[in-house]
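This report concerns only the one structure given below.
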Amino acid sequence: MLELKDVSGGYGHGHVIEGIDLRVDTGETIALLGPNGAGKSTLLAALSGVLPKRGGSIRLDGTELAQASSHRIVAQGLVQVPEGRRMFAPLSVEDNLRLGTVGLQQASRSAVAERFDYVYKLLPRLAERRHQRAGTLSGGEQQMVAVGRALMSKPRVLLLDEPFLGLAPRVIEEIRAALEALRAGGLTMVLVEQKLDIALPFTRRAYVLIKGRVALVEDSATLARRDDLAQLYFNLATQAAH
Ligand SMILES: Nc1ncnc2c1ncn2[C@@H]1O[C@H](COP(=O)(O)OP(=O)(O)O)[C@@H](O)[C@H]1O
Ligand SMILES: [Mg+2]
């Protein structure tokens, strides 16, 4: 279980996120929703240990990680697929994936081979392109590499920051199918997504972030049935301003 209590943080002066309480049960998938600039990526940066200023408690299966180094956090199994993919363009697909194994706790040759098998089976297109330079891939294929790289370290919790952003519908389907297979396999996931029609069917519960605070926590199915969804962010933002 991933449990956040009163998490705050920012980049210099002042807090961008504040008083965040959040729980993800083992095997659960949650959505982190909210308008642009709400602090979704900042929260993931706090979880990954790369936010300059952070406070509160972040526990993964009982282990406190709020002040841990980003390396230790990955080794503990809390792994992010960052916004914008961040490929090493001159390196091959396979070498990009191999970089993900730095977080693998026992990176023996057989453990690494097992992870490659796992990732190539989940995302067969990466197997086809294993020797191609990452910089020559399409956006969707690069996103697959980013997901695959995160999986190389055998995460317990996967944090995904808008993985479908700017991608064509066909490749969105392909990536969504892979994520659904991971979910069916019991992987715990946090999906940051702005599009409710993608996020809600995929998740069990949703947290809506407005101006750096949790404005709403609701079952995804309940949230999906609301008829004021279009108005919701606006209404929550208006309440938060008072
Ligand atoms: N590297 C950064 N340095 C300073 N401020 C930042 C940085 N990244 C984001 N911010 C600010 O933090 C706030 C939240 O941004 P972000 O977490 O990226 O929102 P979201 O992911 O929900 O769109 C915004 O006001 C943004 O300008
Ligand atoms: Mg963001």
Side-chain angles (χ1 to χ4, degrees), residues 2 4-24 29-58 65-67 69-70 73-74 78-87 139-140 142-147 149-150 155 157-167 171-172 175-176 179 189-200 202-203 205-218 220 223 229-242:
L2 178 66
L4 280 61
K5 288 223 171 95
D6 198 24
V7 169
S8 62
Y11 300 90
H13 24 257
H15 285 161
V16 170
I17 52 170
E18 215 156 359
I20 307 277
D21 293 338
L22 183 148
R23 185 191 90 242
V24 197
T29 305
I30 68 149
L32 195 53
L33 308 168
N36 242 326
K40 305 180 296 297
S41 296
T42 301
L43 178 54
L44 292 197
L47 291 177
S48 300
V50 295
L51 193 65
K53 240 174 74 181
R54 52 193 203 272
S57 166
I58 299 169
L65 294 174
Q67 299 304 325
S69 69
S70 54
I73 289 169
V74 170
L78 187 55
V79 182
Q80 183 175 176
V81 179
E83 193 180 11
R85 291 135 213 174
R86 308 219 192 112
M87 294 294 91
Q142 292 193 5
Q143 186 63 60
M144 290 178 197
V145 175
V147 171
R149 188 178 49 195
V157 180
L158 193 63
L159 310 169
L160 296 142
D161 198 350
E162 304 205 45
F164 306 114
L165 196 66
L167 301 183
V171 76
I172 288 180
I175 292 171
R176 185 155 70 170
L179 297 182
M189 284 186 271
V190 175
L191 175 66
V192 170
E193 180 56 59
Q194 299 216 25
K195 292 201 187 94
L196 299 169
D197 57 334
I198 290 181
L200 296 180
F202 187 75
T203 51
R205 289 185 304 124
Y207 287 75
V208 181
L209 224 60
I210 304 278
K211 294 180 182 165
R213 290 178 173 275
V214 175
L216 182 74
V217 186
E218 203 161 74
S220 298
L223 190 53
L229 268 186
Q231 272 274 309
L232 181 69
Y233 288 170
F234 179 78
N235 292 345
L236 289 170
T238 310
Q239 288 162 22
H242 293 306

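Atoms within a ligand are numbered from 1 in the order they appear, just like the ligands themselves.
Residue contact annotation: Gly12 has no non-hydrogen atom under 4.0 Å from ligand 1.
Listed by first then second residue, pairs satisfying side-chain hydrogen bond (donor to acceptor under 3.5 Å, both in side chains) with a partner in residues 41-55 read Tyr11-Thr42, Ser41-Glu83, Ser41-Asp161, Ser48-Gln80, not counting sequence neighbours.
In terms of protein heavy atoms, atom 18 (O) of ligand 1 is closest to Ser41 CB, 3.8 Å. Among all protein heavy atoms, the one lying closest to atom 11 (C) of ligand 1 is Tyr11 CE1, 4.1 Å. At the top of the distance list for atom 13 (C) of ligand 1, counting protein heavy atoms only, stands Val16 CG1, 3.5 Å.
Taking both residues in full, the closest heavy atoms of Gly212 and Ile20 are given as O-CD1, 3.5 Å, listed atom of the first, atom of the second, then distance. Minimum interatomic distance between Val214 and Asp21 (heavy atoms only, all atoms of both residues): CG2-O, 4.1 Å. Taking both residues in full, the closest heavy atoms of Ile210 and Pro35 are given as CD1-CD, 3.8 Å, listed atom of the first, atom of the second, then distance.
Considering only residues two or more places apart in sequence or on other chains, Thr203 meets the side chain to side chain donor-acceptor pair (under 3.5 Å) condition with Ser220. For Glu18, the salt bridge (charged side-chain N to carboxylate O under 4.0 Å, His left out) criterion is met by Arg213, not counting sequence neighbours.
Between Leu32, Leu43, Asn36, Thr42, it is Thr42 that holds the heavy atom closest to atom 16 (P) of ligand 1. Compare Gly34, Gly14, Pro52, Gly37 by their heavy atoms: the one nearest to atom 14 (C) of ligand 1 is in Gly37.
Although no hydrogens or angles enter the test, the distance criterion places no donor-acceptor pair under 3.5 Å between the side chain of Lys40 and the main chain of Leu32.
With waters neither drawn nor counted, the protein N/O/S atoms under 2.8 Å from the Mg ion (ligand 2) amount to 1.
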